[in-house]
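Inspection log for the structure reproduced underneath, given as structure tokens.
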Amino acid sequence: MDFLDAARTRFAPALAPHLPEGASVETFLDLIRPANDPRFGDFQANFAMPLAKRAKKPPRELAAEIAAAAELTDLFEEPEVAGPGFINLRVKDDVLAAETAQLAADERLGVPVAADPRTITVDFSSPNVAKPMHVGHLRTTVIGDAVVRILKFQGHHVIGDNHLGDWGTQFGMLLYGYKNFRDEAAYQADAVTELARLYRTVNALGDYQAAKKKRPKLEAAVEKTRQAVTDFPPPADKAAKKQLFKLKQEAASAADALASATAKIAAIEADPSLKALADAHPEIAAAARNETAKLHAGDSENKRLWEEFLPPCLAALQVIYDRLGVRHDAVYGESFYQPMLADVVEELLQKGIAEESDGAVVVRGNVDPAGKAIPGPFVIRKGDGAFLYGTTDLATVKHHVDELGADAMLYVVDSRQGDHFANVAATARRWGYDETEFKHVSFGTVMGEDRKPFKTRSGDTIGLESLLDEAVERALAIVSENDDAKPDGPELDAAERQAVAEAVGMGGIKYADLAHNRESDYVFSWDKMLSTTGNTATYMQYAHARVCGIFRKGAVDREALRAEFVADDGAVLLTDPSERAMALQLNRFAEAVREASRDHRPNVLTDYLFDTAKAFSAFYDACPIVKAETEELKTSRLILADTTARVMAAGLGLLGIRVLERM
Ligand code: ARG
């Protein structure tokens with residue numbers, strides 16, 4: 001049973017008379033939490049302190065009053081008021097034992113099916129298809145997949161949508177590259193690799209030309225900011241120190257910008273053949289943009305090439321998705337929405353939501369639900385008639401709500417696009433989509449151990465494919481070492497080791513990402529993510545396999561054990577504190593899923609799983625299982641072990657991570 005939820009339900013009516021005017025009961029119910037120290041009980045309610053002021057009562061008195069008014073004692077021992085006014089709750093042992101026995105027989109491990117299922121679209125992964133996936137696509141793919149799995153498990157109707165960038169400016173770069181730089185034999189042999197090379201070439205040449213153009217300005221900026229620092233008199237007070245610090249920062253960032261431009265120039269000039277291309281194709285960025293414009297205008301040659309490029313690009317993406325075990329329910333790429341864009345803009349103009357501005361069409365005055373202005377204007381048609389990224393997102397809202405029946409639209413996209421999605425949602429609300437929930441499930445950047453955005457040593461972005469290869473390679477070494485060190489000799493043959501390594505490698509990458517608060521940047525560290533101790537997938541996977549090992553060594557069939565336990569109306573016995581803690585932890589699975597889903601935070605689930613593994617090791621250390629004193633106690637403990645393994649497998653499964661019986 002989700003005891004925390006039960007406590008909330010029981011306290012809600014008792015709190016009602018004491019709430020400040022207009023306050024929601026939820027705010028105060030959120031102050032019921034798992035206890036930090038099991039000596040004080042299992043849960044603790046801390047709402048009496050903030051409520052006492054208004055009630056003009058000592059918090060302890062109010063706490064006692066609320067505790068007495070709430071109907072609790074069928075589930076909990078008599079509540080205790082402690083300290084300044086905490087209410088401590090302890091689940092009754094017989095209730096806990098009975099609920100745990102139920103949980104052991106429950107396929108859903110206590111997680112309820114949503115009473116009010118919603119239709120939710122989740123936009124995740126959504127790469128620009130003209131270039132291979134890189135490490136920047138990892139977080140959206142991994143977090144999005146977990147969010148989808150959790151919502152589906154809760155019984156919602158979820159449509160995981162890949163909003164492919166299959167229509168953008170990158171295609172102009174491919175088209176220009178294909179027409180001018182293609183190596184036909186290479187293209188025939190491996191289209192994706194050749195297209196990637198073409199993309200990189202056009203991109204590098206464009207960067208080079210832009211950098212050359214910008215260089216004089218950048219040099220002047222470096223000169224000016226450096227001079228400003230030199231000329232600054234020795235700072236006499238705090239304000240001056242601050243001022244100087246700011247100038248130094250400006251000088252540093254000007255120097256960075258110049259260094260980056262210089263590197264781009266050097267990269268081309270060091271290679272005579274690239275330099276010749278750059279000279280032969282001046283203004284390449286504009287030329288590539290022109291190819292995009294032709295594609296969008298319906299040019300038949302460009303359209304034909306686009307149709308030719310797309311399938312191999314999609315196939316390459318699929319290889320990565322298959323390896324990660326990620327799938328989408330729908331793939332509505334940007335190209336899908338093209339026929340709708342003109343109407344979207346017209347409609348917004350007609351309704352007076354959008355306006356013309358210097359030939360472009362923009363939406364001004366967007367505010368978030370709290371009334372705060374969102375940086376704008378939000379451009380939906382350019383002066384040359386071209387539609388934008390945001391126009392497509394508005395058409396997507398119309399499609400997802402009107403055609404798919406979405407009640408909520410989630411966007412699993414990095415935090416830098418925050419203003420964009422705020423503008424999409426605000427415009428959509430003004431357009432009439434005010435019953436739809438729009439949620440930007442945003443996340444931070446993947447950093448290298450140097451705390452800068454994760455790159456290869458040479459400064460390139462890291463391809464996803466090679467990253468996955470490296471994960472498996474490293475995992476194989478760890479798995480092999482571990483297997484070799486087993487007291488009775490290795491257990492796995494080469495094929496099994498490889499399969500285990502694949503699960504450990506993929507699991508490691510995913511878990512490391514999911515275990516962090518999604519909003520923070522996170523540091524990518526192979527050693528940390530594949531460590532066999534600590535809060536890692538590897539540790540969890542080994543913990544799971546260890547529980548399975550108990551059954552294997554004891555020659556106990558888990559299914560049969562469970563079936564018999566149910567048929568006999570078996571009892572869970574809680575004889576030791578670690579046994580009781582284990583049982584309580586298993587009952588908290590529903591709470592963990594609920595809380596992880598609330599604001600789409602998979603790290604709530606990883607924390608829970610880590611605690612579960614720790615609770616199991618404490619239980620296992622303290623309580624003999626197969627050698628328990630009585631047959632009844634042995635069964636009870638086996639049931640706890642079985643349920644633990646099931647909870648771990650289900651929890652990791654919700655994160656898209658596989659477990660193994662043996663590793
Ligand atoms: N393709 C975009 C990018 O790579 C992400 C798309 C996110 N989804 C959306 N509906 N805009 O940045």
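All ligand and atom numbering here is 1-based and tracks the order in the structure. For the numbers below, each heavy atom of this structure counts, side chains included, while hydrogens, waters and symmetry mates do not.
- Below 3.5 Å of separation, one finds no N or O of Glu334 facing any N or O of ligand 1.
- Interface atoms of ligand 1 facing Gln417, defined by a heavy-atom separation under 4.0 Å, are 12 (O).
- Under a 4.0 Å N-O distance rule, the pair Asp513/Arg139 qualifies as a salt bridge.
- Counting only N and O atoms by type, the side chains of Glu346 and Gln350 include no donor and acceptor under 3.5 Å apart.
- Annotation: side chain of Lys398 is in contact with side chain of Trp431 (closest heavy-atom distance under 4.5 Å).
- Ring pair Tyr178/Tyr187 is perpendicular by interplanar angle, where above 60° counts as perpendicular and below 30° as parallel.
- Here the protein heavy atom with the shortest distance to atom 4 (O) of ligand 1 is Asn128 ND2, 3.5 Å.
- Among Ser125, Ser126, Gly165, Gly333, the residue whose heavy atom sits closest to atom 2 (C) of ligand 1 is Ser126.
- Between His137 and ligand 1, not a single N/O pair is under 3.5 Å apart.
- Within the 4.0 Å heavy-atom cutoff, Asp123 counts among the residues contacting ligand 1.
- By the side-chain contact (heavy atoms from CB on, under 4.5 Å) test, Ser253 is found to be paired with no residue, residues two or more places apart in sequence or in another chain being considered.
- The shortest N or O to N or O distance between Tyr389 and ligand 1 is below 3.5 Å.
- Partners of Asp329 under the side-chain hydrogen bond (donor to acceptor under 3.5 Å, both in side chains) rule, at least two apart in sequence or in another chain, are Lys152, Arg327.
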